Structure formats: structure tokens, C-alpha cells
Amino acid sequence: MCHWFIAKLSVYAKHVGKFFSVVRRRWRVFSRVELTFIHPLRNLKKMKNHWQLYTGIAFVFCFYVLPVSGTGETLILLDNLAIKETHSMFFKELQGKTFTSGLNFFLSCFVFVEFGGSLNVQAITDFIDNGGNVLVAASSSVGDVIRELGSECGFEIDEEETSVIDHLNYDLSDDGKHTLIVSEASELLDAPTVVGSRNIPPVLFRGVGTISDQDNPLVLEVLTASSTAYSYKPDVEISEYPHAVGKSTLLISALQARNNARVVFSGSLDFFSDQFFQASVQKAHGGQRYEKSGNQAVATALAKWVFKQKGVLRASNVKHHRKGETFPPDSYTVMDDVVFSINVEIYKDGKWLPFEAKDIQLDFVRIDPFVRISLKKKEGTKYEAVFKVPDVYGVYQFKVDYNRMGYTHLYSTTQVSVRPLKHTQYERFIPSAYPYYLSAFSMMGGVFIFSFVFLHFRETSKSKTE
Amino acid sequence: MSSTGVQYKKKGWLIQMSPEKQDTLLKMLILSMAAILSFSTRLFSVLRFESVIHEFDPYFNYRTTRFLAEEGFYSFHNWFDDRAWYPLGRIIGGTIYPGLMITSATIYRVLRFLNIPIDVRNVCVFLAPLFSSLTTIVTYLLTKELKDAGSGLVAAAMISIVPGYISRSVAGSYDNEGIAIFCMLLTYYLWIKAVKSGTIYWGALCAIAYFYMVSSWGGYVFLINLIPLHVIALMITGRFSHRIYIAYSTVYCLGTMLSMQISFVGFQPVQSSEHMAALGVFGLCQLHAFVDYVRSRLPKEHFEVLFKTVIFLTAGLSALVGGVLTVTGKISPWTGRFYSLLDPSYAKNNIPIIASVSEHQPTSWSSFYFDLQLLVFMFPVGLYFCFSKLTDANIFIILYGVTSIYFAGVMVRLMLVLAPVMCILAGIGVSSMMTTYAKQLDVSQQDRKTKRFESNFFMKSEVAWTFLTVMMALLVTYTFHCTWVTSEAYSSPSIVLSARSHDGSRIIFDDFREAYYWLRQNTPEDAKVMSWWDYGYQITAMANRTILVDNNTWNNTHISRVGQAMASSEEKAYEIMRELDVDYVLVIFGGLTGYSSDDINKFLWMVRIGGSTDRGRHIKEQDYYTPSGEFRIDREGSPILLNCLMYKMCYYRFGSVYTEAGKPPGYDRVRNAEIGNKDFELDVLEEAYTTEHWLVRIYKVKKLPNRGV
């Protein structure tokens, strides 16, 4: 896994040059140290040549490699070393118990940055397409790279310097621009695996708004703004229709890609900060006062989800056979009784445990599903369905397509052929045809007797007449 | 001295034989030469290319034969093929005429038993030539029954090289027709024998031959209608006798029962209206025989009354029963293929899939001459000689000739049925005339006595000589024509193409096999390949991959679905391709080499077939034409055409290719135009493979985008 990570990093290296190769070398050295950061200042001069593409201000980049026992690593990119201090609670959270156990099958690229430069987007999307998980936290000064990354993942981020503004639901401590928004927990996505409990105090948000690509079926609208919000530059008079208005303004959005890589995009970096974690919340227009915001709870839940600590399923051991047999046949015959079983597990606290659900279905598909039946939970992790193959021959697929919000998309297809009856498998004698059998056999007997008599009689009569 | 001695001995050996023996020897010699000739003239393609199976359908036959030879009859009979017609599958055992496969598998097994190791493929390649040799012999026997041995020999010699038959029976053309013509003529021969002798023995043999015919070709319907027609004609002309009664009753009963043993035929012989004529005539036979019997027993007046009532009663009753059965669906309505026989425009107007097959097109006049040459002129002569001396058997051959010439005019494919009767009648004609004039040659050498009697003929001998010379010349041109046609037109395997380069040398395009082997080697075992149905059989046989539609066009809606995908825009096509689990798409493109029967030229059929079902209603042929009604692929072409999947797959990257000197890039050499849509990218497909001459292009269907955008 380490090697893969290195290989992955080398993709960066290709784009960002020697700078990353330094990281790589250092990373090897420091991989055992917790919260390692590699200060790149020493290499800044070298870097300059490779970073001519950068359009924005040269940010100081800090790289965190969060080593976790096992092989799950998290790379943290920061544009400012100070963030390490201002967000220390969140990072500690990441290092907390739940994460140190580490899933051994994922890598998480933690683009926790708000830089305005252009780290190569291709590298990050490749990373996602190879199964990596990414948590992006931006702010109003979001750069082109993050914006491009967003659009690659189905989020459309508003222009630079814009913020989500809500003149009704802002916090008491707001500085007058009404950009420190108080968002009710009920605005959160109704998916406990992603956002945790919704029974929490409101959350604070200050940052850029996004809208989701409506054609993209994979985007989850994790946290939407209230209906009175809009996204615009706070200091400028409104002269055109805002990019995002009302509920369609997304504060936090997520994407579970088809390869089950997870991406969370938060418009606010402050959302994860110690300050917001500990802040008290009260809406300016006479809301209830809460001592502590819900930010920490949501942030923790989101981090757990995006780094695949929650809602991770796996299916294995797909088996099918005729009832009463144990091995799958070469092909089924129409009207066979089939037993289909599949093991479904969920990842919990570092272990794979049986997954309990009543809504997992099995389809038996030939273009259209001919059979749709729910799988019954058996002992252990096993789910089973017994059904009769339809009386239509063809090439079918056993299809388990379990797609629930926040959970890994389980998709398993197994192709089997269903053949018609062989010539020996038909009924030998059909009851309704007995009259015909009778007539046929009686006819045969009759003809036999007739010909016998005919021949015999003729001879005798001839002999008599003659 | 020794040499003269040998000569003497030789002469003596010939002379010592009795005239009968000499006659037999000569016949045997001519006949075996004809048989050998018919075998060897069909080997052009093997010598020029290699021992390879041709065209499309033969690949399926080859594949099934291999299966039969390897797996045995029962697994063949119960074979459910999940490689074709994905995801519907096809019951092979129940949807084919197994005669061809069983024949070659038997030959294969017998040779193996005799310790002659031979490949199944070679059995398949050489089966058609072998059977054409047998056809030559059967033609001789049949013509001999109809006229005399001389005519038989001429007919045999003619059929051995007639292009109309060779077109379907060159080495490698491993198709049902290859053996079906033999079966058909064998059945006719035995039928004539049965009619002449009136014995159950010949009738039963005829029924068995008929069974073989049914097992090998759907064209048996022609046969089972022709024989009843013959019986009816005999009844009308008052030639009905006990011989006919016995022959027909035996043939019909046994033949029908045997034919029902072929699972593809099933209950059709007693249900479908194509077979009703035979059943009706069978009933009529019984009536006729019964009437004859009653007539011989009753006084005339009583008989008249009885006869009239019975006639009216039976007519009314049969009409009623027929009507009820048709309404209840017991008698199936006349199928499309049969309609297209009677009314050539029927299929074209109603069933695009039938009209799209080139061999279902009406025959042009030129192809009659091309396929038959001399026979076209000698056919009426033969008819004349048959009419001049009518017998039961002659009536049969007249009916056969007249009906088949009609059917051949309707469908190019049925030229095959016409060719044998053309040969037989032309053989009779040529032989009769030659005999007539050859006799007159002798006159000049005879004494004056006989000459005086026939002196009213002017320059008899000279006329005879001239006639014979002309006849000979015609026969020689016939031979040359046939050989030329065989060599030039009918001996290309169409799986390997050849063309002449500028310097006259032969260039071989082996792109098809290249592509199929690429598929075989580079795609997953269970990959599904979408292509137009023409290439289905070849892909399954050579690439061993699952295909959606193939040349067995049994499911119109499924083919229509593929047509819709080809004719739609990329997004729409992607939906269809995902619905059908397509992994690869294969198109044939001739624009670079000038191969004209490529998918763009077939495209309008895809549009028509695609639009012929409910789900494809939105695809309208009119949309693919320019406003002035032309089918153009250049800038003027309809935008829908220029953006459909087929166009994009064919012309992807073609816009930057120079094909001909002095022409812009992207110049299509088949359509002779510069393509109208040059720079485009494919969204849902990616190019997987393109063969050397761009004849075959294979695309891989992309998966859904990982991040949904």
C-alpha cells in the first residue's frame, strides 16, 4: 500500500516537479512521526522554476502526512501553516482512535486548502478515479484549481471573493456583512451515515457557496443554505442575478463516485476551525442560544464518512445453484428453482461485521427484470433468495444493485444462461392426448389384424373357388 | 511393327465390345467427366485464396457442423446458443435445417473411421463441389427418365458448369443450397419413377428423398407445392390413374410424416397455408379415386346427381372449415417470405428486413443471361419438344420450368431453382435437335434410294452441317462463358477481398479476419459485440464473441433496436447500448479502399428497419436525406446523418486522411465525396482497433463516467 501511495505521489511529482520528490523522500523518513510536516521553504528557489504556471500569489505550502497504523495514510495540503494551529481540534480528531486503526484499502487526499494557485487538477481527479477520497475545504478566496476540481466533481463554485450571505440567519457575532451564517441542523442531508445525528445545535458557516450539477446523479447536497440566502460579493452592490439563491445554494456537498471514492466539498474552511467548533451560536434575530455549535459533530461525521470509516459495505461470495445442489450448473433450465446467496458486510471499528438490512433486492434481469425479490438475511453475513426461473429462455443476470445514500454502492452482476427444455425433459405422455394414443394403437392393431385376415381369407377363398 | 500391333489390338478391343457395351462405356465416360468437371470448376476460390469458408451464412453452418462433429447429435439437437442474439439466445437445434450439418458430420465421422484424418473445415469447404458432382449424375438420371440418355448426358454436362448453380456451390460456399439442389432433383427423379411405375417402393423412396430435402432447405415448400400441382394437372388433362394415386398417396403420407420430424418444421405441414395445397390435392386424389370407383358401379344418371351434390357439399364444407381454422389461427397466415414470392412489392412495402437482403431483390434481365447464357434460348426449345410429345413425366418438367422461371424472376435467390430445369430442358432441346440433324448427316452417305424420298429438302446435309457447327460453337461459348463467370464473379470468398493495383497485380485485403482475430485475442471472453446483422455469423464463428443480432433474422425488434442505436445520436445510442450491455461496436467502412458494400451504404436499411418498430418511431428515413431527397455524406448532407453514431464511427479521424491524389483530406472513395463532418470527438465510445485498410473499425463503449460528469 505504501508503494502505491508513493506511486500516487509520483503522479504529483510529475506535475509539480522536484518539490514533490523531496516530499516523497522526506515522507519515507517521517512516516512514523505523527503530524509530520515538511517545510518546503528551503526548496522554494528550486520550486519557482516549476511553478511558473502559478497565477496567484505564491503560497507557502505545508504538507502533512497523517500516518496511521496500518496502511491508510492521509495527505494534508495546507496553504498556511497557521491552519495547523487554528484547526488543531479537527486534526486531532483525525488522529483520534477511530482513524488510527485505518482502513487498509483507501487513501485519502486531504486537500484542506484555499490556495489560489493551480495545483494540477488532473492529478487529484486521477487520484479520485483510482479510489482515493478527498475532503476539500475552501473559502471565499478559492482559487481556480479548486474551482476546476469542483466542476470535475459536479459542483459549481461561485466566483472569487463571493460569500454566502443571509440577512436573516446570521450569527450574533457577525461582523456586519451577514456572512457568518447559522444553519439549522434540519438543513442537513437526511443521511445519518454521512452527517451523523441531525439532533444537534445549528452549525456556523462562513465561505463560498456552490450549486450542484443537476445532471449529475452522484452529488449529495449535504448542507443547503436557508431559503433567504444567496451568494454574492458582500462588499459590492448587487447588479446581476446571484450565482446561487436560496435552497439551491450548497454549503457542503458530497459525491460518491462510481468507484465508491468519496469527495466532500465544504465552502468554508472555518467550518472546521477550533473557533467554530467551540463557538456559541445564536441567530441575530432572536434565536435560541446554544453554548456550542454543531460544527464539531458534523465535521467529525463528515470526516468519518469521507475517509470511509462509515457506510462502507462489501459484497462477496456470490453463489447460485439449483435447489438441492451445491455447485452452479453450466446453464439453468426454464422453471428451475434457484438459490442465490451473497455475503454483505459492513466495516465497523476496524472489523468487517454482518450488515443488517431488509431492503436488499435481487433482480433476475434480461434487459428488463423478470424476477425481483428481496434477499433474506441468513446466518452470519449471508443473504439468500430462492425463486423460480421464469419460463423464458435467454441470457440473464443475477443483479444485486444496492444503492443507499451514504453507503457504498453495492453492485454485483453474474451472468447465467437459461436454456429451454431438452427433448428428453418434456412430458412423455400428456393426459389430454390419451384418446389419440388409444386411437393410434387401436388403428395399428386393427390394420395388423385386417391385413392378417385379408391375406389369410383371400388364400382360403381362392383355394375354395378354385 | 510393334506400333501397328498395338493399334490393331486397341481397335480390336473396342470393336470386340458389343454396341451396348460401347454405349454404356461412352455414357459412363461422359458422365464421370461431367461429374469431375463440376467438382473441379468449383475450386477456383480454393486455389486462388485458400481453403476458407465464404460469405456469412456458411460461417454459421460451419460453426454448427463443428459443434455437431464434436459434441454429438443429441447435444446438437438440444443446443441453446447463448452467444448469439444476446440476451435472447437462440435455440439452434430447433431453428435450423440440420441436413447439411448432419451430412458433413457423417462424412467426417466416416472418414475418421476409415482412418483418413481430415479437418471438419475441409469437409465443409468441399461438400458443395462434391454434391454438385452428385447433382450432375442425378440430372442425368432425371433427364433420362424424361426423354432419353442422350438428353441426360447433355443436361448433365450443362448443369455441371451452369453459373446459376455454381454461384451457390463453389468450394467454401457451405450453405444449405449446396446440397438442397441435389436433394430436390433426387426427389423429382424418384417422383417421376414413382409416377411411371406406380409402385409404393418408388413412392417410399421419393418420400425419403423428400425428407432429406426438407431437412436441408426451406425451399422444400416449392417442391411440396410443385408435386401436387403436377397431380392436379394430370387430373385436369384426364391422365389421372392408379399409378398417380399410389405414387401421390405414398409420397404425401410418408413425406409429411417424415418432414414433421424436423423440429424446425414441426406441425407446419398440417397447419400453414403453404402446405395446404398438398393436403387438398391429397384429399382430391381420394375423391377422384372414389368417384372413379363409384362411376364404375352406378348407372350414369344416378352418378351425375350424386356427383353434383357431393361436389357442392365438399366445396362448401372445405371453405367453412378453412375459414374457421384461419380465423382461430390454426392455419397460420401466409408468411412474409411467401408473399414476396407472389407479389414482389409486398415485402418491400411491409417488411424492410426482407427487402434489405440483396438476394431477395427481383432479378434483372441481364442476370438471367449472365447466369444461364445459352440455356435462356434453348429452354423454349426444350419446352417445345416436351409439348410435342406429352407424357406424365413431361408435364411435370413443363410445370417445373414454368413455375420456377416465374419465381426466379421474383427473387434473385431462386435462380438456383431455375438453373437445373433450364439445364434439363435445354439438354432435351439441344439433344433432340442434334439428333434430328445428325441423322440427316448420315443421309448423304446412304444410297440414293432413301435420298430420293427426301429430296424435297434443299441441301439437307449442308444445312445439317451448318446447324451442327453453329450449335457446337454455341456450346463452346457456353463453356467459356461459364468458366469465365465462375472464375471472375462467383469465386471470391468475400471474407478476403482482392483488388487490382495500378500495375495489375493482385492486392489482398484480409481486414475482416484481422479484425475478428483481434477481437478474439484482445477482448474479454464474455464481451458483447454490436454490429449490423450481416456480420453476426462471422463474429461468432471467427471471433467467438457474443453478438446481438446475426444473419438469422428471426427477431425483427431486436435488429430494429440495433438499427436505432446506429441511427441515433451518441447519447441516445449510449442508452440503447447500455441497455443491451454492449462492450464493443464493430463497423465496416469502405471509404478508404473503395469497398462499396460497407455500413454507410447499408445505412438506409438500418434507418428503415430501426424505424419499423414502435420504439423506433422517432427515426424517420426522411430525416437522413437532404431537403432535395438525396443521401449525401458531404457538407450538404442532413445534419442528423452527419451526427449519428454510424457516421461518427465510420468517419472518426477520417477527416485528416488523404485517400486519393488531388483530393482534399477525408475524401470518401466509395461515395466520391469529401465528408461533411470532419473534426469531432467521440463521447461515449473510444476507438479500440482499426484494421490495416480501415475496412473494419472496432470501438469500445466507455463506462459511465466515474464522477458522473
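Within every chain, numbering begins at 1; the chains are lettered A, B, ... in the order of the sequence lines, protein sequences first and strands thereafter. In this text, all values refer to a predicted model and were calculated from it rather than measured experimentally. Just so it is clear, the values below take in all heavy atoms, side chains as well, and ignore hydrogens, waters and symmetry mates.
- Ranking A/V395, A/V392, A/N260 against chain B, the residue ahead of the rest is A/V395, based on heavy-atom pairs under 4.5 Å.
- Atom CZ of B/R297 sits in a sparse spot, with 12 or fewer heavy atoms from other residues, nucleotides or ligands closer than 6.0 Å.
- When heavy atoms are compared at a cutoff of 4.5 Å, A/S151 approaches chain B solely by way of its backbone atoms N, CA, C and O.
- For a residue to count as touching a neighbouring chain, one of its non-hydrogen atoms must lie under 4.5 Å from one of that chain's; by this rule B/L580 touches chain A with the side chain only.
- If you take NE2 on B/H77 and OG1 on A/T424, they are separated by 9.0 Å, rounding to the nearest 0.5 Å.
- When heavy atoms are compared at a cutoff of 4.5 Å, A/Q397 approaches chain B solely by way of its side chain, counted from C-beta outward.
- Within a 6.0 Å sphere centred on NZ of B/K703, other residues, nucleotides and ligands contribute 12 heavy atoms or fewer.
- At a threshold of 4.5 Å between non-hydrogen side-chain atoms, the residues B/Y86 and A/Q415 count as touching.
- Rounded to the nearest 0.5 Å, atoms CG (B/N706) and CG (A/L255) are 8.0 Å apart.
- Within 6.0 Å of OH on A/Y434 lie more than 12 heavy atoms contributed by other residues, nucleotides or ligands.
- Heavy atoms closer than 4.5 Å to chain B are found in the side chain of A/D213, but not in its backbone.
- You'll find the side chain of A/R419 reaches within 4.5 Å of the side chain of B/N78, heavy atoms only.
- Side-chain atoms of B/F80 and A/S331, non-hydrogen and from C-beta on, never get closer than 4.5 Å to each other.
- Note on A/P217, A/S417, A/G394: by heavy-atom pairs under 4.5 Å with chain B, the leading option is A/G394.
- Taking both residues in full, the closest heavy atoms of A/L218 and B/R707 are given as CD1-C, 3.7 Å, listed atom of the first, atom of the second, then distance.
- The aromatic rings of B/Y74 and A/H423 lie parallel to each other, with less than 30° between the two planes, well short of the 60° mark.
- By the 4.5 Å heavy-atom criterion applied to side chains, A/I367 and B/P87 are counted as neighbours.
- For B/D81, no part lies under 4.5 angstrom from a heavy atom of chain A.
- Other residues, nucleotides and ligands contribute more than 12 heavy atoms inside 6.0 Å of the OH atom of A/Y437.
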